[in-house]
Amino acid sequence: MPELPEVETVRRTLKAHILNETITSVELFYPKMIHMNEDQFKEKLKGQTVHDIKRMGKYLIFVLDEDALIIHLRMEGKFFIKENEEKDKHEHVIMTFKSGRTLRYHDVRKFGTFDLLPLDQYMDKAPLNKLAREPKDLDLHTFYDKIKHKNLEIKPCLLDQTIISGLGNIYVDETLFHARIHPLRKGKDIQIEEAKRILDAAEKVLDEAVLLGGTTIRSYTSSLGVHGRFQLKLQVHMKKDEPCPICQTKIIKMKVKGRGTYVCPNCQD
DNA sequence: AACGAAACCTGCGCGC
DNA sequence: TGCGCGCAGGTTTCGT
């Protein structure tokens, strides 16, 4: 669920709360989510201070003294800041700071990932080295060159973070609706003018969603208690059988490469 | 190389 | 009430 706007919202909220905090200890309850030795992970983090929190696509980057902690929330990852409270069943990483406060990583599905890499290397290694730019920074021709030979449908192209970053299932549906492009169109059949419409629509959709604090579709609490409001602006996603806001045709739900996909069969072609 | 499918997980809502 | 099943979805891994 967290796509670029939700991750950006988490970034801003987290930064306001834990900037300049120094890590005194780390507890790890699901070691599979880090991609290194558990003891090394804890030892390296200990003593480092959070100097900045950045974001690239859907990744959060904690800038520490020596290392970058690169976090992907995947489907359901979220953070909470607590004092001494008891550990929740779904908290998999707990960082304790000098102030006594703790940062809890909570993830029911356990899909999230943490990677710790030296500051001078993290851009050149997985998971960030192949990440594409996000819509506002992506050059039209760079984007067009990556899709123009693809036999793959445009929707999965847009979900591919090495082609364009930041979009997930919700915002791809919204982007294609605004661009008036059907999700089943092949990448190679997209004209450059249409590619421009897609980039413009993606930028606009993401910008507005960031302004509204992202989308909260699930009923349970979001990261740090922040609730987004963009769900109120969704045009097609989750709108099966409702009238298209432009032409009143019923929105249909279909599967595209296994993903639930909402489309106005009249506006998008 | 390029694509498809399965895997990673858990909770929820459904039909029976 | 309880059970099994499909579904949800971002990304990696494995297979073709």
Side-chain angles (χ1 to χ4, degrees), chain A residues 1-11 28-36 55-61 70-79 87-93 105-115 117 125-132 134-135 145-176 183-190 202 206 209 214-223 228 230-231 234 236-240 252-263:
Chain A
M1 211 277 279
E3 306 177 32
L4 186 152
E6 293 74 37
V7 178
E8 176 62 16
T9 302
V10 172
R11 184 191 75 81
L28 188 55
F29 302 95
Y30 187 66
K32 269 179 83 171
M33 61 181 295
I34 63 166
H35 300 126
M36 62 184 290
R55 181 189 57 73
M56 289 181 65
K58 303 174 192 172
Y59 290 90
L60 286 170
I61 304 162
I70 301 157
I71 298 164
H72 198 300
L73 306 174
R74 285 296 212 281
M75 318 293 302
E76 304 195 359
K78 43 183 79 84
F79 284 103
K87 177 187 164 313
D88 180 275
K89 177 185 176 186
H90 299 298
E91 288 172 355
H92 307 308
V93 183
Y105 178 71
H106 181 286
D107 189 345
V108 170
R109 305 281 287 278
K110 300 180 177 169
F111 278 6
T113 58
F114 281 39
D115 285 275
L117 291 167
K125 296 193 169 186
L128 298 181
N129 58 340
K130 289 184 177 161
L131 191 66
E134 51 198 62
D145 285 348
K146 282 193 178 171
I147 62 169
K148 71 181 182 188
H149 297 301
K150 284 219 175 273
N151 197 35
L152 193 64
E153 297 86 346
I154 188 65
K155 172 158 180 173
C157 287
L158 296 178
L159 289 171
D160 183 339
Q161 305 296 302
T162 69
I163 294 177
I164 185 169
S165 68
L167 297 172
N169 206 38
I170 296 173
Y171 296 109
V172 164
D173 282 0
E174 294 297 305
T175 293
L176 288 173
L184 289 178
R185 290 273 304 281
K186 296 291 180 70
K188 64 182 180 185
D189 296 331
I190 299 291
L206 293 179
T215 300
T216 307
I217 280 185
R218 316 285 184 131
S219 50
Y220 36 79
T221 28
S222 52
S223 218
F230 191 74
Q231 62 274 19
L234 293 174
V236 289
H237 193 82
M238 300 287 286
K239 303 290 187 185
K240 178 171 152 51
I252 59 167
K253 183 182 184 186
M254 59 192 297
K255 286 269 184 190
V256 179
K257 284 283 174 295
R259 301 297 164 88
T261 300
Y262 299 84
V263 51

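Predicted, not measured: the structure shown is a model, and the values here were computed from it. A, B, ... follow the sequence lines: proteins, then strands. Residue 1 opens every chain.
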For this session: For A:Glu134 and C:dG10, give me the distance from atom CD to atom P, rounded to whole Å.
Result: 16 Å
Problem set entry | Separation of B:dC9 P from A:His92 NE2 (nearest whole Å) | 10 Å
Exercise. How does DNA chain B read in dot-bracket, base by base from 5' to 3', with Watson-Crick or G-U pairs under 3.5 Å and | used when the partner is on another strand?
Worked result: .|||||||.|||||||
Exercise. Closest to the A:Arg74 side chain: C:dT11, B:dG11, B:dC8?
Worked result: C:dT11
For this session: With sequence neighbours excluded, tell me which residues meet ring pair (Phe, Tyr, Trp, His ring centres under 6.0 Å) with A:Tyr30.
Result: A:His92
For this session: For B:dG11 versus C:dT11, give the span between their P atoms, rounded off to a whole number of Å.
Result: 22 Å
For this session: Could I get the full list of salt bridge (charged side-chain N to carboxylate O under 4.0 Å, His left out) partners for A:Lys257, not counting sequence neighbours?
Result: A:Glu153
Exercise. For A:Pro127 and A:Phe111, take the nucleotide of DNA chain C holding the closest heavy atom to each; which residue's nucleotide lies nearer the 5' end?
Worked result: A:Phe111
Problem set entry | Euclidean distance, atom OH of residue A:Tyr262 to atom C1' of C:dC7 [Å, nearest integer] | 11 Å
Exercise. Is any side-chain nitrogen or oxygen of A:Lys110 closer than 4.0 Å to OP1 or OP2 of B:dC8?
Worked result: no
For this session: Quick one: list whatever passes salt bridge (charged side-chain N to carboxylate O under 4.0 Å, His left out) with A:Lys188, sequence neighbours left out.
Result: none
For this session: For A:Lys253, answer base if it contacts any base atom (sugar-phosphate contacts may also be present), sugar-phosphate if it contacts only those atoms, and nothing otherwise; contact means non-hydrogen atoms under 4.0 Å.
Result: sugar-phosphate
Problem set entry | Within 6.0 angstrom of A:Lys125 NZ, more than 12 heavy atoms from elsewhere | no
Problem set entry | Value in whole Å for how far the P atom of C:dT12 lies from NE2 of A:His35 | 9 Å
For this session: Could you please spell out the steps behind the ring-ring contact (aromatic ring centres under 6.0 Å, His included) verdict for A:Phe29 and A:Tyr105?
Result: CA-CA 10 Å; A:Phe29 302 95; A:Tyr105 178 71; over 10 Å; no
Exercise. Between B:dT10, C:dG10, B:dC8, which nucleotide gets closest to the side-chain atoms of A:His90?
Worked result: B:dT10
For this session: Would you please name every residue forming a salt bridge (charged side-chain N to carboxylate O under 4.0 Å, His left out) with A:Arg185, sequence neighbours left out?
Result: A:Glu194
Seminar exercise, completed: Per atom distances to the A:Lys255 side chain, the nearest of C:dG10, B:dG11, C:dC7 is C:dC7
For this session: Check side-chain hydrogen bond (donor to acceptor under 3.5 Å, both in side chains) between A:Lys155 and all other residues, then give those that pass, not counting sequence neighbours.
Result: A:Asn169, A:Asp173, A:Thr261
Exercise. A:Lys78 NZ to B:dT10 P: how many Å, rounded?
Worked result: 15 Å
Seminar exercise, completed: From CZ of A:Phe114 across to C1' of C:dT11 the rounded distance in Å is 16 Å
For this session: Report the residues that fulfil ring pair (Phe, Tyr, Trp, His ring centres under 6.0 Å) with A:His106, sequence neighbours left out, ordered by chain and then residue number.
Result: A:Phe80, A:His90
For this session: Could you list by number each residue of residues 154-165 of chain A showing a heavy-atom separation from DNA chain B of less than 4.0 Å, or answer none if no residue does?
Result: none
For this session: Kindly write out the residues that satisfy side-chain hydrogen bond (donor to acceptor under 3.5 Å, both in side chains) with A:Lys240, not counting sequence neighbours, or none if the list is empty.
Result: none
For this session: Check the distance between C:dC7's P and A:Met254's CE and give it to me in whole angstrom.
Result: 16 Å
Please produce a list of atom pairs where a protein N or O lies less than 3.5 Å from an N or O of nucleotides 1-4 of chain B.
from	atom 1	to	atom 2	distance (Å)
B:dC3	OP1	A:Asn151	N	3.3
B:dC3	OP2	A:Lys150	NZ	3.3
B:dG4	OP1	A:Lys257	NZ	3.0

Problem set entry | Separation of C:dC7 C1' from A:Met75 CE (nearest whole Å) | 11 Å
For this session: Go through the structure and list residues passing side-chain hydrogen bond (donor to acceptor under 3.5 Å, both in side chains) with A:Glu8, not counting sequence neighbours.
Result: A:Arg11, A:Arg12, A:Arg55
For this session: List for me each residue that meets side-chain hydrogen bond (donor to acceptor under 3.5 Å, both in side chains) alongside A:Lys253, sequence neighbours excluded, and say none if there are none.
Result: none
Exercise. Is the shortest side-chain N/O distance from A:Tyr30 to OP1 or OP2 of B:dC9 below 4.0 Å?
Worked result: yes
For this session: Classify the nucleic acid contact of A:Lys130 as base, sugar-phosphate or nothing, counting any heavy atom under 4.0 Å across all strands shown.
Result: nothing
Exercise. Going by distance alone, is a donor N or O of one side chain under 3.5 Å from an acceptor N or O of the other, for A:Gln161 and A:Tyr59?
Worked result: no
